[in-house]
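Below is one structure, written out as structure tokens; comments come after it.
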Amino acid sequence: MQKRFIFYSTVVVSLFLSWITWQVMHGTEPIIDQWSSRFVNQWTGTTFFSIFRWITELGSGSFITPFILIVALLYLLWTKKWFASIWIVAGSFLGYRLNGWIKLIAQRERPSILEEAEGVGFSFPSGHAMGAMITYGLLIYFVSKEVKQASLKLVIQLIGVILILMIGLSRYVINVHYLSDVLAGFGFGYLFIVGWIIVYNIVSKKSFG
């Protein structure tokens with residue numbers, strides 16, 4: 001059941017990314033951006049904006065870099081699994097690099113610039129959304145494998161998913177990304193962690209199993 005879900009979800013995400021990326025690369029404004037752009041300006045200067053301005057920092061490079069190093073070290077001390085710890089860190093860093101490469105190919109301009117929130121450079125896909133999906137997604141996967149209590153595992157997964165969604169949404173709310181950038185960031189991040197985990201399971205079984 002789990003393998004089937006992963007397969008079909010990967011197909012759906014891949015089709016969506018192909019469609020949205022084709023539109024962006026050809027200078028066509030996606031329908032979702034035509035619909036969602038009208039709401040952004042009314043949030044500027046509000047408490048709602050301020051809350052998401054703070055949330056967006058949880059996906060910034062300046063936060064993620066020390067965070068993932070510390071958490072990976074704690075994971076190593078907890079589980080004694082050095083290869084998994086390295087794989088988590090490597091996946092997080094490679095994911096951010098991959099995001100930069102995709103941005104250079106797409107070269108989509110941002111809806112607005114906000115330098116203090118890392119809202120500079122190209123826009124598609126959102127680095128915060130993609131990075132959060134990869135970094136927190138990998139943590140959810142590896143930590144959940146070590147937790148035996150079903151209720152605690154569910155809590156960890158729910159908190160992680162909500163955090164990922166909120167970080168991605170924050171980029172749209174503070175108007176440094178189009179909504180399609182955020183969704184594409186989630187999509188690319190999802191495909192990355194699926195592939196990264198598959199490779200991990202293959203390599204770890206051959207090397208340690």
Side-chain angles (χ1 to χ4, degrees), residues 1-21 58-59 61 63-106 124-165 167-168 182-209:
M1 179 66 180
Q2 187 180 34
K3 290 183 178 179
R4 185 178 298 178
F5 170 78
I6 292 173
F7 173 77
Y8 285 116
S9 64
T10 299
V11 170
V12 170
V13 170
S14 298
L15 290 173
F16 169 76
L17 286 174
S18 298
W19 172 67
I20 205 77
T21 302
L58 300 178
F63 176 82
I64 287 289
T65 300
F67 172 79
I68 196 63
L69 291 172
I70 293 171
V71 173
L73 177 59
L74 293 175
Y75 179 85
L76 173 61
L77 295 173
W78 174 36
T79 65
K80 312 302 181 185
K81 296 180 178 179
W82 64 268
F83 185 66
S85 301
I86 292 174
W87 204 255
I88 292 170
V89 174
S92 179
F93 288 172
L94 181 59
Y96 270 95
R97 178 62 63 184
L98 178 61
N99 176 263
W101 293 336
I102 299 172
K103 282 181 174 178
L104 286 175
I105 295 171
F124 182 90
S126 166
H128 279 61
M130 185 172 170
M133 176 65 79
I134 293 171
T135 299
Y136 296 113
L138 288 174
L139 288 176
I140 291 170
Y141 173 78
F142 282 100
V143 171
S144 293
K145 286 182 65 176
E146 303 300 327
V147 175
K148 306 304 180 185
Q149 188 177 348
S151 58
L152 178 58
K153 184 179 297 189
L154 180 60
V155 169
I156 292 171
Q157 293 170 349
L158 284 175
I159 291 175
V161 169
I162 291 172
L163 179 60
I164 292 169
L165 293 175
I167 290 172
V182 173
L183 295 178
F186 287 149
F188 282 114
Y190 178 75
L191 294 183
F192 180 91
I193 59 175
V194 168
W196 198 244
I197 288 170
I198 289 173
V199 174
Y200 167 80
N201 288 328
I202 293 172
V203 174
S204 61
K205 285 180 181 178
K206 287 185 176 181
S207 303
F208 310 106

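None of these values were measured; they are calculated from a predicted model.
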*To the nearest 0.5 angstrom, please state how far the CZ atom of Phe188 sits from the CD1 atom of Ile20.*
10.5 Å
*Side-chain donor-acceptor pair present, Ser9, Tyr190, cut-off under 3.5 Å*: yes
*On the 0 to 90° scale, with breaks at 30° and 60°, tag the Phe16-Trp19 ring pair as parallel, tilted or perpendicular.*
tilted
_Ring centroids only, cut at 6.0 angstrom: are Phe83 and Trp87 within range, meaning strictly under it?_
yes
_Euclidean distance, Leu69 CG relative to Leu74 CG, rounded to 0.5 Å_ = 11.0 Å
*asked:* Quick check for you: to the nearest 0.5 Å, what is the distance between Leu183 atom CG and Leu17 atom CG?
replied: 9.5 Å
*Given side chains that start at C-beta, do those of Phe186 and Val13 come closer than 4.5 Å, heavy atoms only?*
no
*Are any non-hydrogen side-chain atoms of Ile197 and Tyr141 less than 4.5 angstrom apart?*
yes
*asked:* I want to check something: taking the side chain as every heavy atom from C-beta on, are Trp196 and Leu94 in contact at a cut-off of under 4.5 Å?
replied: yes
*Contact summary for Lys153 and Ser144, nearest pair of heavy atoms*: CE-O, 3.0 Å
*For residues Pro125 and Ile102, report the shortest heavy-atom separation together with the two atoms involved.*
CD-CG2, 3.4 Å
*Do Ser85 and Leu73 have side chains that get closer than 4.5 Å, going by heavy atoms?*
no
*asked:* As an exercise, state the distance from CE of Met130 to CD1 of Ile193, rounded to the nearest 0.5 Å.
replied: 10.5 Å
*Mind listing the closest non-hydrogen atom pair of Ala72 and Val89 along with its distance?*
CB-CG2, 3.4 Å
_Donor-acceptor contact present, side-chain Ser204 to main-chain Asn201, <3.5 Å_ = yes
*Considering all heavy atoms, the nearest Tyr136-Leu58 contact*: OH-O, 2.7 Å
*What is the distance from atom CD1 of Ile140 to atom CD1 of Ile156, rounded to the nearest 0.5 Å?*
9.5 Å
*Do any N or O atoms from the side chain of Asn99 and from the backbone of Gly131 form a donor-acceptor pair under 3.5 angstrom?*
no
*asked:* Can you confirm whether Glu146 sits close enough to Lys81 that some side-chain heavy atom of one is under 4.5 Å from a side-chain heavy atom of the other?
replied: yes
*asked:* On a heavy-atom basis, which atom in Ile68 and which in Phe93 lie closest, and how many Å separate them?
replied: CG2-CE2, 4.0 Å
*asked:* Please check this pair: side chain of Ser92 against backbone of Ile88, looking for a donor-acceptor N/O pair closer than 3.5 Å.
replied: no
_Within 6.0 angstrom of Phe7 CZ, more than 12 heavy atoms from elsewhere_ = no
*asked:* Using 0.5 Å steps for rounding, measure from the OG1 atom of Thr21 to the CD1 atom of Ile105.
replied: 10.0 Å
*Identify the two heavy atoms, one from Phe192 and one from Gly95, that lie closest to each other, and give their separation to 0.1 Å.*
CZ-N, 4.0 Å
